[in-house]
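Fair warning: this is a prediction, and the values are worked out from it, not measured in the lab.
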Amino acid sequence: MNLSFRQLQTFVEVMRTGSVSEAGRTLGRTQPAISAMIAGLEREIGFPLFERERRRLVARPEAYYFMEEAEFMLKRMNQSARILREIGNLDRGKLKIACNPAASNFFLPRVVGEFTRDKSNIEVSLMMRSSPVVAEWIASQQYDIGFAETPEPRSTIRTEDFAFGCLCAMPVGDPLAHKSAITPNDLHDKPMAVLFEDHVSTVQIRKAFKDAGARLRQRFELRTFLPALQLVSQGCCYTICESLSAASHARSFGDRGGVIFRPFRPNLYLNMSVMTPANRPASRLAQEFVTHLSLETSRLLKSVDEGLI
């Protein structure tokens with residue numbers, strides 16, 4: 001049985017008004033068009049719904065039985081059409097986003113909040129895991145979008161890469177705060193917080209100190225930079241962190257953060273990527289969010305370059 005929306009709409013309107021002419025006026029169609037639509041509906045279902053009496057349609061009992069079902073089908077079809085419009089307008093849908101700890105504290109929640117502020121029917125799953133786990137989730141297509149440290153090239157992940165410069169974090173009022181940039185010699189034998197031994201930032205920092213002939217005094221070893229910045233704020237140490245963690249700390253705590261940042265020389269970088277599964281097409285909603293996330297990441301990097309943190 002192949003019932004059309006217009007057939008159901010016409011039938012319901014005839015039943016509501018009790019008149020072909022009234023139904024035609026309501027729907028903006030001629031009486032012959034209404035009669036033809038009803039006749040086509042009856043042919044499709046295989047039995048008459050109306051008696052024809054003196055050019056009038058008189059509803060049979062079967063029509064009253066069918067009325068409730070027709071109204072239900074129209075309601076569902078209208079709802080489906082509305083949902084499709086919302087999907088097309090990016091006003092409805094689901095996003096599964098994974099990010100590493102550096103992005104989870106401030107940056108990604110802010111980006112997601114801005115993107116969904118006027119889209120109340122969009123559902124978002126935002127999960128924080130280590131960068132390797134984020135990459136695995138994207139490669140296995142468990143998540144739509146990932147934001148984490150750049151993984152090794154692989155055929156299952158599509159990336160857009162960003163280089164986050166490293167900054168030296170020190171307590172407010174520290175004697176080094178007057179300097180425009182901090183070098184390994186400035187930090188010679190000073191207490192430092194660094195990440196685990198084989199993290200790319202730790203490898204770069206150790207090499208920079210070695211090349212400068214400065215001693216790296218490791219006081220704290222941590223998994224992420226956010227707790228390192230808390231230790232810095234308490235005057236326990238210095239740390240050299242990528243600018244995403246620096247911006248997250250500065251914008252989360254404001255004047256209460258207890259930390260100031262200065263560029264570190266030589267230039268060190270930690271690469272971060274917006275990741276999507278390479279072996280499946282992204283939804284229009286995911287594509288739009290990726291564009292928004294990439295734009296906001298570029299803006300963050302520009303603000304760091306301009307010294308706004």
Checklist entry - Does the side chain to side chain donor-acceptor pair (under 3.5 Å) test come out yes or no for Asn185 and Thr183, once each step is laid out? => result CA-CA 5 Å; Asn185 289 320; Thr183 68; 4.8 Å; no

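Remark: the Arg25 side chain and the Thr17 side chain contain no N/O donor-acceptor pair separated by less than 3.5 Å.
No chain of hydrophobic side-chain contacts below 4.5 Å, direct or via other Ile, Leu, Val, Met, Phe, Trp or Tyr residues, connects Met128 to Phe225. In the hydrophobic clustering of ILVMFWY residues, with side-chain heavy atoms under 4.5 Å counting as a link, Met15 and Leu74 come out together. Note on Met67 and Leu49: same hydrophobic cluster, where clusters join Ile, Leu, Val, Met, Phe, Trp and Tyr whose side-chain heavy atoms are under 4.5 Å apart, directly or indirectly. Under the 4.5 Å side-chain heavy-atom criterion for Ile, Leu, Val, Met, Phe, Trp and Tyr, Phe5 and Leu41 are members of the same hydrophobic cluster. The hydrophobic clustering, which links ILVMFWY residues whose side-chain heavy atoms are closer than 4.5 Å, places Ile97 and Ile122 together.
Salt bridge Arg299/Glu114: absent, no basic N to carboxylate O contact under 4.0 Å.
For the side-chain hydrogen bond (donor to acceptor under 3.5 Å, both in side chains) test, no residue two or more places apart in sequence or in another chain qualifies with Ser298. Annotation: side-chain hydrogen bond (donor to acceptor under 3.5 Å, both in side chains) contacts of Arg265 (sequence neighbours excluded): Asn267. Among residues two or more places apart in sequence or in another chain, the ring-ring contact (aromatic ring centres under 6.0 Å, His included) test is passed with His292 by Phe115. Contacts of Arg158 classified as salt bridge (charged side-chain N to carboxylate O under 4.0 Å, His left out), with partners at least two apart in sequence or in another chain: none. Scored by the side-chain hydrogen bond (donor to acceptor under 3.5 Å, both in side chains) test, Lys207 finds Asp211 as partners (sequence neighbours excluded). Applying the salt bridge (charged side-chain N to carboxylate O under 4.0 Å, His left out) rule to Lys94 yields the partners Glu123; only residues at least two apart in sequence or on another chain are considered. Phe147 is linked by a ring-ring contact (aromatic ring centres under 6.0 Å, His included) to Phe107, counting only residues two or more places apart in sequence or in another chain. Asp189 meets the salt bridge (charged side-chain N to carboxylate O under 4.0 Å, His left out) test with Arg215; sequence neighbours excluded.
Of all heavy-atom pairs spanning Ala63 and Phe11, the tightest one is O-CZ, 3.4 Å. When all heavy atoms are compared, the tightest approach of Thr224 to Pro227 is OG1-CD, 2.9 Å. A pairwise comparison of heavy atoms in Cys237 and Leu231 identifies SG-CB, 3.8 Å as the closest pair. Asp186 and Ala181 make their closest contact through OD2-O, 3.9 Å (heavy atoms, listed as atom of the first residue, atom of the second, distance).
Among residue pairs with one or both ends in residues 217-237, none qualify as salt bridge (Lys or Arg N to Asp or Glu O under 4.0 Å); sequence neighbours excluded. Pairs engaging residues 70-79 under the salt bridge (Lys or Arg N to Asp or Glu O under 4.0 Å) rule: Arg16-Glu71 [sequence neighbours left out]. Listed by first and then second residue, the side chain to side chain donor-acceptor pair (under 3.5 Å) pairs involving residues 131-153 are Asn100-Ser131, Glu136-Arg154, Ser140-Gln142, Asp144-Arg280, Glu149-His199, Thr150-Ser273 (not counting sequence neighbours).
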Check: residues 239-246 side-chain donor-acceptor pairs under 3.5 Å, at least two apart:
residue : atom : partner : partner atom : Å
Thr239  : OG1  : Ala193  : O            : 2.7
Glu242  : OE1  : Leu244  : N            : 2.9
Glu242  : OE1  : Ser245  : N            : 2.8
Glu242  : OE2  : Ser245  : OG           : 2.3
Ser243  : OG   : Gly165  : O            : 3.4

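Residues Arg262 and Lys179 fail the side-chain proximity criterion, which asks for heavy atoms closer than 4.5 Å.
To the nearest 0.5 Å, atom OG1 of residue Thr10 and atom CD of residue Glu13 are 8.5 Å apart.
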